[in-house]
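Quick note on labels: first sequence line is chain A, next is B, and so on, each numbered from 1. If you're wondering where the values come from, they're calculated on a predicted model, not measured in any experiment.
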Protein chains: 2
Amino acid sequence: MKESIEKHLKEKGLKITNQRKAILEAFQNPEKHLLTAAEVLEIVSKYTDKLNFSTVYRNLETLTEVGILKRINLDNGINNYELDIENHHHHHLICLSCGDAKTIDYCPFDEMRISNKQLQDFTPVDHKLEIYGYCKKCGNNMSCDKLNKKQKVSK
Amino acid sequence: MKESIEKHLKEKGLKITNQRKAILEAFQNPEKHLLTAAEVLEIVSKYTDKLNFSTVYRNLETLTEVGILKRINLDNGINNYELDIENHHHHHLICLSCGDAKTIDYCPFDEMRISNKQLQDFTPVDHKLEIYGYCKKCGNNMSCDKLNKKQKVSK
DNA sequence: GTTAATGCAAAATCTTTGCAGAGAT
DNA sequence: ATCTCTGCAAAGATTTTGCATTAAC
């Protein structure tokens with residue numbers, strides 16, 4: 001575990017438990033940086049004793065509160081999390097076929113804010129931009145739509 | 001009910017029932033065009049006999065499938081719906097205090113698509129931009145955060 | 001030793017589904 | 001008459017919570 005994270009935890013009076021370390025390890029994979037609670041549990045279980053669901057949920061919540069993780073709610077309605085510490089602002093390209101999420105660095109928000117009148121009566125705190133479509137690998141393949149569990153377009 | 005909607009339903013072989021009409025009526029309020037299943041049920045129940053939850057859910061699903069409604073999943077993880085028929089493309093400004101969602105017409109996507117390399121390997125199908133903050137009425141008031149039910153920042 | 005975290009089980013929340021009866025065309 | 005829709009009840013999925021025990025500091 002990075003010392004910056006460890007420091008962060010200690011500052012907030014949070015203890016460094018094996019479960020917490022295991023959960024944070026799960027987010028170290030740059031190929032899959034967006035994880036659901038179920039995915040965290042699955043990954044962790046490969047290496048350690050299986051954690052309890054409530055431990056995972058409580059930690060995702062706690063780590064989000066202290067700013068180590070960031071919660072991202074995708075269109076399927078399931079909460080996803082990613083490491084937020086020392087991370088630059090970004091958005092996501094989400095593949096409707098394989099469910100993979102890539103980051104996209106570009107953010108149109110600042111420019112938009114200047115040119116848009118409707119935004120002048122509003123105090124923005126956060127924003128999110130998600131682009132749904134098909135990644136290079138999946139092309140236009142509509143099968144195995146991981147994201148369509150709740151977002152059903154057709155039965 | 002607008003004839004365009006009625007026509008749409010008939011074309012798809014869907015029947016025009018009182019429940020369906022009541023649900024669609026609920027979306028006629030321009031002050032609150034984004035509704036959850038629970039909100040639809042509540043609004044409808046003021047004017048008609050209470051509908052069953054499954055009727056509401058099934059209709060929101062069906063009406064989304066045929067393109068009369070559009071599903072929007074906000075950060076609290078609850079599905080919201082809005083009328084989509086004859087509606088121009090737009091995004092949302094969502095107030096973290098009162099939960100109100102206003103539409104914003106401006107869309108940065110086309111411009112972004114041209115200038116961004118990462119988007120060239122991706123086939124976009126849909127995108128969403130949501131801006132969370134405080135509306136004019138609520139200012140910086142953090143109380144009664146309707147949206148924070150699941151999105152909890154603090155207990 | 002004190003305080004926070006875990007595991008378990010139970011519940012809460014939102015949503016979906018099977019089936020018999022009712023309603024629309 | 002046909003085919004869809006509704007209401008009910010039951011179940012599914014994800015997430016939250018209370019409480020006793022365990023682990024970190």
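Legend: residues meeting salt bridge (Lys or Arg N to Asp or Glu O under 4.0 Å) with B:Asp84, ordered by chain and number and at least two apart, are absent. Contacts of A:Ser45 classified as side chain to side chain donor-acceptor pair (under 3.5 Å), with partners at least two apart in sequence or in another chain: none. By the salt bridge (Lys or Arg N to Asp or Glu O under 4.0 Å) test, A:Lys70 pairs with A:Asp126, sequence neighbours left out. With sequence neighbours left out, the ring pair (Phe, Tyr, Trp, His ring centres under 6.0 Å) criterion links A:Phe122 to no other residue. For the side chain to side chain donor-acceptor pair (under 3.5 Å) test, residues two or more places apart in sequence or in another chain that qualify with B:Asn73 are B:Asn79. A:Asn18 meets the side chain to side chain donor-acceptor pair (under 3.5 Å) test with no other residue; sequence neighbours excluded.
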Dump the pairs, protein N or O against N or O of nucleotides 1-3 of chain D, anything under 3.5 Å, distances to one decimal.
from, atom 1, to, atom 2, distance (Å)
D:dC3, O2, B:Lys15, NZ, 2.6

Do any N or O atoms of the protein come closer than 3.5 Å to N or O atoms of nucleotides 18-21 of chain D, and which pairs are they?
from, atom 1, to, atom 2, distance (Å)
D:dG18, O6, A:Arg58, NH1, 3.3
D:dG18, O6, A:Arg58, NH2, 3.4

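Taking side-chain N and O atoms only, A:Asn52 has no distance below 4.0 Å to OP1 or OP2 of C:dT6. For B:Asn76, no side-chain nitrogen or oxygen approaches OP1 or OP2 of C:dT13 to under 4.0 Å. Here B:Thr17 does not reach the OP1 or OP2 of C:dG23: none of its side-chain N or O atoms lies under 4.0 Å away.
Within the structure, salt bridge (charged side-chain N to carboxylate O under 4.0 Å, His left out) contacts touching residues 8-19 of chain A (residues at least two apart or in different chains) do not occur. Each ring-ring contact (aromatic ring centres under 6.0 Å, His included) pair with one or both residues in residues 19-44 of chain A, not counting sequence neighbours, appears once here: A:His33-A:His92. Sorted by first then second residue, the side chain to side chain donor-acceptor pair (under 3.5 Å) pairs that include residues 105-121 of chain B, not counting sequence neighbours, are B:His88-B:Asp105.
Each end of the helix from C:dG1-D:dC25 to C:dT25-D:dA1 gets its own axis, taken as the rotation carrying the C1' atoms of four end pairs onto the next four within a five-pair window, and the two axes meet at 40° to the nearest 10 degrees.
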